[in-house]
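Please read the structure below before turning to the comments.
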Amino acid sequence: MGVNVLNRLVRNTTSKPQAQPTSTKSLTNVILTLLKEGHLQKAVSLLFASPEPVSYSLYAHLFQTCSSNSAIVEARKVESHLVTFFPTPPIFLLNRAIETYGKCGCLEDARGLFEEMPQRDGGSWNAIITAYTQRGFPDKALSLFVCMYRSGVYANEITFASILGSCAAVLDLDLSRQLHGLIEKYGFQRNIILGSSLVDVYGKCGILSDARKMFHEIQCPNAISWNVIVRRYLEMGDGKEAIFLFFQMLSTDIRPLHFTFSNALVACSSIPALEEGMQIHVVATKISYLEYQLVSSSLIDMYTKCGKLDDAFRIFDQLGSKDLVSWTSIVSGYALSGKTWEARKLFDEMPERNVVSWNAMLSGYNRFFQWEEALDFVFLMLNTTEDVDHVTLGLILNVCAGLSDLELGKQAHVYIYRHGFYSNVIVGNALLDMYGKCGNLNGARIWFYQMTEWRDGVSWNALLTSHARHRLSEQAMPLFSEMQLVTPPTKYTFGTLLAACANTFALEHGKQIHGYMIRHGYEMDIVIRGALVDMYSKCHCLDYALMVFKEVASRDLILWNTIILGCCHNRMGREALELFRIMNNEGMKPDHVTFQGILLACVDEGLVDLAGQCFESMSNEYFVLPRLEHYQTMIELYSRHGHMNELENFVKRMPFEPTVPMLTRMVDACREHKYSRLGDWAAKQLIELVP
DNA sequence: CTAGGGTTAG
């Protein structure tokens, strides 16, 4: 503040605050009344126009009010008045001024005053350090702290609290430990604010053991201390411990912050833990915390994540005022559990939407492979709102991949490039996936090398998957070796590699991967076991496939289909049929893939009648609509086993015209079995189709 | 007197 400096130098009045005339006293009273009534601007104008100084305490009061109102113009006026009438104002008032400038976000004013002060005390350093910490410049705060330390000014509790906040922001674990040592050396360790700050900084640095140790050293943790420790466990993905600590807090007589309720509920959503969530619901109701939108929104989300849509909806429905977040929560609850129609109905009713609401709805369509609806929704979104973020773009790319629409995917790529989203790793990986799924392996490769700077393990997996999908499984192994130098493999990596082994009949590689996973304790989920079954059966090692299959406790449809088709691959039709029988007994509903396996088994075993019955039972008993490949397999069945009458009846009863491969197969079969009536017809059809 | 925590939804 150049003007203020000038004032300080030019003015040489020697007025003292203690000798106040009556007019000043009344002025003070008027200003105080104005402040009390919230007229800060008027109060400051009055002060500014007054040629008299006021008491130190009134200046302090004015600064404080400017602080809480972020009134920068008024703060400058107050400082100006102060330095005009006091050539050497008390340091503490200038410290207040620095703090006020900091709170108003005017760091230049704060720094200017700090630099110009004729004398500084520890409070001045604290004020400027706190200003930088709170306005989001932790590096500057830390370097100022070093200056302070070097210039021999002692740090006090306030300094430590502030500087720990900066450590937490930049995750400087080493400095935090040093500060911890100093705090104990100076005997500040019983300060609850410093204790909580240390819990905070250790937790943010991911050292929960130290955070927990520090927490236990706090004699009487307050609501903030509890909130910190619960939150840190939640952030590190240990929802269980977060919930445990929350309930421990409830057994003390501390009244929890409503934020802590929200954190505990989010922890329940993350596990998910319905029982505990319901208990928290009860407690929150008892102490009227559902009044907080934050708590009720978290509660709605907890119920949806625990699969209790009805309960979630009941709370939502009874909500006094439904805010954007609770609307979005309920929509996402329906959308992500497959009830996209209900979700859409609610979405259309929303009084307002933001990018998260749009993304939630779109995610629902994507998760349940409703690509057409998703695409319509994308266009609706782009026509309605400008609000598009990296999540939206990732979802749009998923739609392109789902529809195998490379052109659309390329358009999205251009958009992403133009709008600077390309260096986002989520978007980048979605792009890789899109190129792979749209059949453009080269595009995927080029993009993979372009994203060298910011790719992660997922990028490698995506590229591996693209290679495996393009029957370039031989190249997957060298790629995997390259990958291992950079990033550790995950179960997704192995899933892809096993599929690659299956496609290239690389039994030895497959066995090595299986062994590697067992030795290194990788999670053997149902997808991995399915990949193992598939790999072993495609490598003609059906015994191993069956062994892995039998180890799975709860089998899903995909796993059943894999083993049934595996038997077919190994020309073990009878075993396939036997497995189908067991599957039925276990109450598993077959789908079109299962029936394709069954029909193939019948072809192989020459079970023409059984195949016919199965084909009939598809639509009659199991309500599985026969697809093109089922009709084709039936044609193969009759052709191969010379059942020409049945073949003719079957083809004539088909709900669509036979395809070229079907006709070709029929012509061959009719020639072989001298059945010219159908053969001639098929040949004629063929000529019309292929001129 | 100044200092600590916390923003739920994709």
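Sequence lines set the chain letters: A, B, ... in the order given, protein chains first and strands last, and positions in each chain run from 1.
Rounded to a whole Å, the CG atom of Asn354(A) is 12 Å from the P atom of dT8(B).
Under the rule for a side-chain hydrogen bond (donor to acceptor under 3.5 Å, both in side chains), the partners of Ser357(A) that lie at least two apart in sequence or sit in another chain are Thr328(A), Asn354(A). Scored by the salt bridge (Lys or Arg N to Asp or Glu O under 4.0 Å) test, Asp210(A) finds Arg177(A) as partners (sequence neighbours excluded). Remark: Glu276(A) pairs with Ile243(A), Phe247(A), Cys268(A), Ala273(A) by the side-chain contact (heavy atoms from CB on, under 4.5 Å) rule, at least two apart or across chains. Under the rule for a side-chain hydrogen bond (donor to acceptor under 3.5 Å, both in side chains), Ser332(A) has no partner lying at least two apart in sequence or in another chain. Scanning for side-chain hydrogen bond (donor to acceptor under 3.5 Å, both in side chains) contacts around Ser197(A) gives an empty result, with sequence neighbours left out. Every residue was checked against the salt bridge (Lys or Arg N to Asp or Glu O under 4.0 Å) condition with Arg135(A), not counting sequence neighbours, and none meets it. Every salt bridge (Lys or Arg N to Asp or Glu O under 4.0 Å) that Arg212(A) has, sequence neighbours left out, goes to Glu241(A). Arg96(A) pairs by the side-chain hydrogen bond (donor to acceptor under 3.5 Å, both in side chains) definition with Glu99(A), not counting sequence neighbours.
Within residues 335-351 of chain A, the residues that place at least one heavy atom under 4.0 Å from DNA chain B are, in residue-number order, Leu336(A). For DNA chain B, the neighbouring residues in residues 364-395 of chain A, judged by any heavy atom under 4.0 Å, are Asp389(A), Val391(A).
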Mind listing the side-chain donor-acceptor pairs of residues 136-143 of chain A below 3.5 Å, one per line with the distance, residues two or more places apart or on another chain?
from, atom 1, to, atom 2, distance (Å)
Ser143(A), OG, Asp139(A), O, 3.4
Ser143(A), OG, Lys140(A), O, 3.1

**Item:** Contact state string [nucleotides 2-7 of chain B, B base, S sugar-phosphate only, - no protein heavy atom under 4.0 Å]
**Value:** BBBBBS

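Heavy-atom minimum distance, Tyr101(A) versus Arg76(A): OH-CA, 3.5 Å.
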